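Read the structure below first, then the notes.
In this chain, numbering begins with 1 at the start of the sequence shown. This one's a predicted model, so the numbers in the text were calculated from it and none came from an experiment.
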Amino acid sequence: MHHKQLLNGLVGATALLLAGAHVVPGSDASARLIAAAPVVVEPSLLSPAGYEIAENGIAAKTNAALRTLGSSVQSLSHPDALETAFSSYFAFLSKHPSRVRKPYLYFVDYGLPSTQPRGWVFDMQTLEVVDGPFAVAHGRGSTNAQYGVPTQFSNKPGSNATSLGLYLAQETYGFRGNAGGRKYTSIGLRLEGLSGRYNSNARRRGVVAHGAPYVSATTAGRSEGCPAMEQSRAQRLLPKLSRGGMVFLFAPNEDWLSDDPWIVAAIE
């Protein structure tokens, strides 16, 4: 039953029980008053604030985000990609509210090719698109070709593959990389993997969000497993995410979709 219907039923039933007294016709056609038994009702259940709480669960928050932001995300690899990201975000927020210190979510749809913009940053509090879509790299261990759709995902050190799932954004730092035999520097954002065996080794592997010269406005080369973006964009977005924002890396991978702890938590 929908929360609104349930609450309306509670209101109606309570109104009858609290009416005070009512007339019940007797067999002798005389009326006798029956005092209603006192009923203790939790005021918050019937108040506007209580109704908001009842309506404000993971599913309701996810649906609200989808209604507001869904039309801004025109191309996805799977019809449930955005819903999966939002529900996982709200599931973690519900369980660990003190850890989500910033309202930003960096979402990447790795079911799309690297020649297509596939990254977004959302403000999950105001339900606005902060930036996107923009190109994002995947790990070279996830595809054999330089460009394309990643099909292999791993949490193993040395795999150079992308790891799917939910991450908590941690501190920024001075990132140093190598592209085409040339060294470069950028801002980096360390990530804590929250999806168990799918991304728990993120810090150990050095999987971070960072800027890279091999990512342009429309195309991304391959990283060592990092969701890298353009350098100028990284400079602008990663400080927003740092120390309390979240990251969600999606792909239409059935094994992961059926087993990621935060996807499962959102539907329980």
Side-chain angles (χ1 to χ4, degrees), residues 2-4 6-7 42-70 72-73 80-109 119-132 155 163-173 188-204 207-209 227 237-250 256-268:
H2 192 277
H3 285 140
K4 187 173 183 179
L6 177 61
L7 290 174
E42 178 60 49
S44 64
L45 280 176
L46 305 180
S47 68
Y51 176 73
E52 182 180 348
I53 291 170
E55 284 286 284
N56 228 12
I58 294 170
K61 289 179 179 179
T62 299
N63 290 334
L66 285 171
R67 286 194 302 269
T68 305
L69 295 169
S72 301
V73 182
D80 296 333
L82 209 56
E83 181 178 1
T84 302
F86 290 167
S87 63
S88 298
Y89 172 89
F90 287 122
F92 186 83
L93 177 63
S94 176
K95 186 77 172 178
H96 303 286
S98 64
R99 301 194 70 195
V100 185
R101 298 175 181 174
K102 291 185 176 179
Y104 303 111
L105 174 65
Y106 174 23
F107 166 73
V108 184
D109 184 355
W120 289 263
V121 172
F122 304 111
D123 185 323
M124 301 302 292
Q125 189 171 65
T126 62
L127 298 183
E128 296 176 322
V129 176
V130 177
D131 199 0
N155 188 36
S163 299
L164 302 176
L166 187 67
Y167 298 78
L168 184 67
Q170 299 187 315
E171 75 275 14
T172 56
Y173 70 105
L189 175 66
R190 290 195 170 93
L191 303 174
E192 177 188 352
L194 303 171
S195 290
R197 65 188 182 93
Y198 295 100
N199 65 9
S200 60
N201 289 326
R203 282 203 71 130
R204 179 183 172 191
V207 172
V208 301
L237 293 180
L238 298 188
K240 289 180 178 291
L241 288 156
S242 69
R243 300 188 183 278
M246 303 205 77
V247 177
F248 190 85
L249 306 183
F250 174 89
W256 164 70
L257 283 169
S258 64
D259 194 42
D260 183 287
W262 296 107
I263 297 176
V264 172
I267 60 178
E268 286 181 342

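In plain terms, the two heavy atoms of Leu241 and Met246 that are nearest each other are CD2-O, 3.7 Å. Of all heavy-atom pairs between Phe107 and Ala81, the closest is CE1-O, 3.9 Å. In plain terms, the two heavy atoms of Gly165 and Asn199 that are nearest each other are C-ND2, 3.7 Å. Between Ala85 and Phe248 the shortest heavy-atom distance is CB-CD2, 3.4 Å. Pro227 and Leu191 get closest at one heavy-atom pair: CG-CD1, 4.4 Å. Pairing each heavy atom of Leu194 with each of Pro261, the nearest pair is O-CG, 4.1 Å.
Partners of Ser242 by side-chain contact (heavy atoms from CB on, under 4.5 Å), not counting sequence neighbours, listed by chain and number: Lys102, Thr172, Leu189. The ring-ring contact (aromatic ring centres under 6.0 Å, His included) test applied to Phe86 returns Phe122, not counting sequence neighbours. Residues forming a ring-ring contact (aromatic ring centres under 6.0 Å, His included) with Tyr167 (at least two apart in sequence, or on another chain): none.
Between Val208 and Tyr173, some side-chain heavy-atom pair lies under the 4.5 Å cut-off.
The pair Arg197-Asp259 counts as a salt bridge, with a side-chain nitrogen and a carboxylate oxygen less than 4.0 angstrom apart.
Ser195 contributes atom OG, which lies 7.0 Å from atom CH2 of Trp256 (distance to the nearest 0.5 angstrom). Distance CG/Asn63 to CD1/Ile58: 12.0 Å, rounded to 0.5 Å. With values rounded to the nearest 0.5 angstrom, Glu192 atom CD is found 10.0 Å from Leu166 atom CG. Note: Leu93 CG to Leu105 CG = 11.0 Å, rounded to the nearest 0.5 Å. Here the NZ-CH2 distance, from Lys95 to Trp262, works out to 7.0 Å after rounding to the nearest 0.5 Å.
Within 6.0 Å of the CZ atom in Arg203, the count of heavy atoms belonging to other residues, nucleotides or ligands exceeds 12. Within a 6.0 Å radius of CD in Gln125, no more than 12 heavy atoms belonging to other residues, nucleotides or ligands are found.
Asn155 places a side-chain N or O within donor-acceptor distance of the main-chain N or O of Ser200, the cut-off being under 3.5 Å. With Ser88 contributing its side chain and Thr84 its backbone, the two residues share a donor-acceptor pair below 3.5 Å. Side chain of Asp123 to main chain of Val130: no donor-acceptor pair is present (N/O by atom type, distance under 3.5 Å, no hydrogens or angles).
With Phe92 as the aromatic partner, Arg99 does not meet the cation-pi criteria of under 6.0 angstrom to the ring centre and within 45 degrees of the ring axis.
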**Request:** Assess whether side-chain contact (heavy atoms from CB on, under 4.5 Å) is satisfied between Phe250 and Leu257, documenting all intermediate values.
**Result:** CA-CA 9 Å; Phe250 174 89; Leu257 283 169; 3.8 Å; yes
